[in-house]
**Student:** 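Structure in structure tokens, see below.
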Protein chains: 2
Amino acid sequence: MPRRPADAQQRQAAPNLPAEPTQAGRFEQARRVQSMALLEDYAELIADLHATGGEARPTDIARRLGVTHATAIKAITRLKREGLATARPYRGVFLTEEGEQLAARVKARHLLVVEVLRAIGVPPDAAEQDAEGIEHHVSDITLQAFARFLKGLK
Amino acid sequence: MPRRPADAQQRQAAPNLPAEPTQAGRFEQARRVQSMALLEDYAELIADLHATGGEARPTDIARRLGVTHATAIKAITRLKREGLATARPYRGVFLTEEGEQLAARVKARHLLVVEVLRAIGVPPDAAEQDAEGIEHHVSDITLQAFARFLKGLK
DNA sequence: ACGAATATGATGCCAAGGCTACACTTTCTT
DNA sequence: AAGAAAGTGTAGCCTTGGCATCATATTCGT
Ligand SMILES: [Mn+2]
Ligand SMILES: [Mn+2]
Ligand SMILES: [Mn+2]
Ligand SMILES: [Mn+2]
């Protein structure tokens, strides 16, 4: 049945770029973004643990994320591989400079997303809950619009 | 080092319910939601293909999603397993009653999310892009707030 | 100081969701 | 009516991110 084109285009690498404005392009970008979500949450959490005067040890991280420590350790391995963290065995996890920067961006974005949801009238618990997933999909452009929106309110 | 409690609680099933208001509970809920995202996008897309007068065949679906047809076929297998779709070999995919209902809900939510982003001042392309990922994390409670927000604007 | 309690790390298992490659079926075109 | 073109399905491979289990390291409490 030779009706439509073929489906197997070249499908190059496409590192992390803007995404075509086609439906397929949007889905591809959404998948790319999703693949960063876990790293973002870990970075944000590790920074928070450090900021709260504590250490970021696998068990702490695991408990806060609701996963087993084995799962956390595997994710930490990925963080290290991606150059976002280092770890001293039995002594906890530390963010690299790049990791710190990611954490800072992610935290700011998280707070802004919650703030916008609240401003729209979303109840506090739902805002906190939904923001945990939504945040990762909020692009810089959208984030700027969020900031302008909040500024316009006060 | 026996400082903090243990991390391996019972961790029961937790089918799809409200989620504790703890940080771990929020992350758990976000993971549950994410595991539905793929099914939601497929259901929405299949309904759209049918609505647009066409058939929903693996290659159509794959092209629209930006994946290979093999990937689409695997996802369709999961849709069938979950009771959301049926398929007649070489004749396309069809949503069950439950699948149709899911598709309708997902489509309405998608549209509302885009509308809210636009209302906040997000440029059209970014709104379309970000909504593709955000939509899956918007709870019913939040969706209601979105509807009220839009109503209040006009 | 030493045993108990806890944390850590390693390993192996699983399912999801990508991919390529290849065989088969259907449809189109001549 | 073939033969070519396109779609479909299957199989096998990979990575991610869950899990449980076990061995080892550290720290606490007495
Ligand atoms: Mn998050
Ligand atoms: Mn967050
Ligand atoms: Mn989507
Ligand atoms: Mn959608």
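Note that the structure is a prediction, hence the values are computed from the model and not measured. Residue numbers begin at 1 in each chain, while the letters A, B, ... track the order of the sequences.
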**Student:** Rounded to whole Å, please give me the gap between CG in A:L39 and P in D:dT15.
**Tutor:** 16 Å

**Student:** Once you round it to whole Å, what is the distance between P of C:dG17 and NE2 of B:H136?
**Tutor:** 12 Å

**Student:** Where the side chain of A:Y90 is defined as all heavy atoms beyond and including C-beta, which of D:dC19, D:dT8, D:dA25 is the nearest nucleotide?
**Tutor:** D:dA25

**Student:** If I take atom CD in residue A:E40 and atom P in nucleotide D:dG17, what distance separates them, rounded to the nearest angstrom?
**Tutor:**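 One finds 12 Å between P of D:dG17 and CD of A:E40, rounded.
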
**Student:** Is A:M36 linked to A:V106 within one hydrophobic cluster, defined over Ile, Leu, Val, Met, Phe, Trp and Tyr using a side-chain heavy-atom separation of less than 4.5 Å?
**Tutor:** yes

**Student:** On DNA chain D, check which nucleotide each of B:I73 and A:A75 is closest to and give me the residue with the more 5' one.
**Tutor:**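 Here B:I73 is the residue nearer the 5' end.
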
**Student:** Would you call B:R64-B:D48 a salt bridge at under 4.0 Å N-O?
**Tutor:** yes

**Student:** Assign the ring pair A:F149 / B:F149 to parallel, tilted or perpendicular, where the plane angle (0 to 90°) is split at 30° and 60°.
**Tutor:**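 The rings of A:F149 and B:F149 stand perpendicular, inter-plane angle above 60°.
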
**Student:** Can you figure out which of D:dG12, D:dT16, C:dT11 approaches the side chain of A:K74 most closely?
**Tutor:**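 Nearest to the side chain of A:K74 among the choices is C:dT11.
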
**Student:** What's the CG-P distance between A:D60 and C:dG9, to the nearest Å?
**Tutor:**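 So the CG-P distance, A:D60 to C:dG9, works out to 12 Å.
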
**Student:** May I ask you to verify if any side-chain N or O of B:R63 is less than 4.0 angstrom from the OP1 or OP2 atom of D:dA6?
**Tutor:**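 For B:R63, the contact criterion (side-chain N or O under 4.0 Å from OP1 or OP2 of D:dA6) is not met.
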
**Student:** Hey, is the side chain of B:T68 poking within less than 4.0 Å of OP1 or OP2 on C:dG18, counting only N and O atoms?
**Tutor:** no

**Student:** Assess whether a salt bridge exists between B:R109 and B:E40, defined as any Lys/Arg side-chain N lying under 4.0 Å from an Asp/Glu carboxylate O.
**Tutor:** yes

**Student:** Among the candidates C:dA10, D:dT10, C:dT27, find the nucleotide nearest to the side-chain atoms of B:A70.
**Tutor:**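 Among C:dA10, D:dT10, C:dT27, the one nearest the side chain of B:A70 is D:dT10.
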
**Student:** Using whole Å, report how far CG of A:L65 lies from P of D:dG18.
**Tutor:**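 About 8 Å, once rounded to whole Å.
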
**Student:** Within the pair B:R81 and C:dA16, is there a side-chain N or O less than 4.0 Å away from OP1 or OP2?
**Tutor:**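 Checking C:dA16 against B:R81, a side-chain N or O does come within under 4.0 Å of OP1 or OP2.
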
**Student:** If you check the A:H69 side chain, which of C:dG17, C:dA10, D:dT8 turns out closest?
**Tutor:**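 That would be C:dA10.
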
**Student:** Between C1' on C:dT27 and CD on B:E55, what's the gap in Å once rounded to a whole number?
**Tutor:**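 After rounding, the reported distance stands at 12 Å.
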
**Student:** Indicate yes or no: at least one non-hydrogen side-chain atom of B:Q144 is less than 4.5 angstrom from one of A:V122.
**Tutor:**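 No, side chains not in contact.
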
**Student:** Using only heavy-atom distances, decide whether a donor-acceptor pair under 3.5 angstrom links the side-chain of A:K80 to the base of C:dG9.
**Tutor:**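 Side chain to base: no pair below 3.5 Å.
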
**Student:** Would you mind telling me which residue lines up with the more 5' stretch of DNA chain C, A:T77 or B:L38, judged by nearest nucleotide?
**Tutor:**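 Its nearest nucleotide being more 5', the pick is A:T77.
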
**Student:** Choosing from C:dG18, D:dC19, C:dG9, which nucleotide comes nearest the side chain of A:T71?
**Tutor:** D:dC19

**Student:** May I ask you to verify if any side-chain N or O of A:R31 is less than 4.0 angstrom from the OP1 or OP2 atom of C:dG17?
**Tutor:** no

**Student:** For the pair made of CZ in B:R57 and C1' in C:dT27, what is the distance, rounded to whole Å?
**Tutor:**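 Those two atoms, CZ and C1', are 9 Å apart.
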
**Student:** Report the distance from atom CD of A:Q34 to atom P of C:dA16, rounded to the nearest whole Å.
**Tutor:**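 From A:Q34 CD to C:dA16 P: 16 Å.
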
